[in-house]
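First listed ligand is number 1; within each ligand, the first listed atom is number 1. We number each residue from 1, following the sequence as shown.
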Amino acid sequence: MQLIDGKFIAKTIQNEIRTEVNTFVAQGSRPPHLVAILVGNDGASETYVSHKMKACKYVGFRSTNLTFPDTISEEALLAEVEACNQNSEIDGLIVQLPLPPHVDYMKVILAIRPDKDVDGFHPANVGKMVMGLPCLLPATPFGVMELLKRYKVETKGKNCVVIGRSLIVGTPMSILMSRRAVDGTAILCHRHTPEAERKLLTRNADIIIVAVGIPGFIKAEDVKEGAVVIDVGTTRVEDDTTLSGFRLKGDVDFEEVAPKCSMITPVPGGVGPMTVTMLLVNTLNAYKTRNVSLAVKTEALREN
Ligand code: GUN
């Protein structure tokens, strides 16, 4: 069994980005700028956004965290998004989800300019992804694809079962796995897939990608010998022995499942660090697209 070390791959990519940003800045350009909008004080969302801001700092990006109370009106939030859309000093914009129930999150996603939508949630980006056109890909599925690529996991003609059909992870994941050049046979299971059927599917899967948010959901009996298992789950569970008072648990019963796998991602240290890193990749790409002359300059540098 080989552990897929997302933490290591994430750091490698971040170092690549850092070098590129240093080059831009040395040439006199401003660094890429990511803005994260955070509404309310959900502990997990605060942690995710602070990881994103810290990663920006590491690679040399400018970052801004705009925080608002959970009483902010939908109208006021949409106005903040529009201000970011209009600001030419901002390359990437994310609105951390979930939003309070009185705000229609879909309206907010639709309000973000597609070329600044570094979460890849806007239908313009989703549509392009489905059509195999260049676009900003949602960070978590993008991160999983990068892990499969860097670990040389064979996907062509392989049975790939994705569990969970969220717009952020499961749905785009199943699309990406079946795309040209990946060529997997992707099956998407969700809450209405009968348990017995789901178990039959996962027991026949070469690659299992699980994103349901239920700790230990996948057991050894659900997995075929030699399968590749990607665990996207990150549920906070209380733990008095840690400084923060909690720890992260994945959707896979790691102790049971790992010995049966050819490769598996741990939680933490698997997919999580990749999500943050692919957000940086998207922000860098959005920046380059907005500054076409810069992109041309880098290509010229690479050729030399
Ligand atoms: N909430 C959970 N995951 C994400 C994510 O990838 N992006 C945003 N904006 N919110 C999230």
Anything under 3.5 Å between a donor and an acceptor, one on a side chain of residues 54-70, the other on a protein residue two or more places apart or in another chain? List them.
residue	atom	partner	partner atom	Å
Y58	OH	N15	OD1	2.5
T64	OG1	H33	NE2	2.7

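In the hydrophobic clustering of this structure, V212 groups with V252; members are Ile, Leu, Val, Met, Phe, Trp, Tyr whose side-chain heavy atoms approach within less than 4.5 Å, directly or through other members. No single ILVMFWY cluster, assembled from side-chain heavy atoms under 4.5 Å apart, contains both I94 and V81.
Listed by chain and number, residues touching ligand 1 at under 4.0 Å (heavy atoms only) are K52, V95, Q96, L97, D119, F121.
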| task | Could you please spell out the steps behind the side chain to side chain contact (heavy atoms under 4.5 Å, CB included) verdict for N159 and I207? | result | CA-CA 6 Å; N159 286 338; I207 302 168; over 6 Å; no
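Between R113 and E82, no side-chain nitrogen of the basic residue sits less than 4.0 Å from a carboxylate oxygen of the acidic one, so the salt-bridge criterion is not met. The pair E221-K199 counts as a salt bridge, with a side-chain nitrogen and a carboxylate oxygen less than 4.0 angstrom apart.
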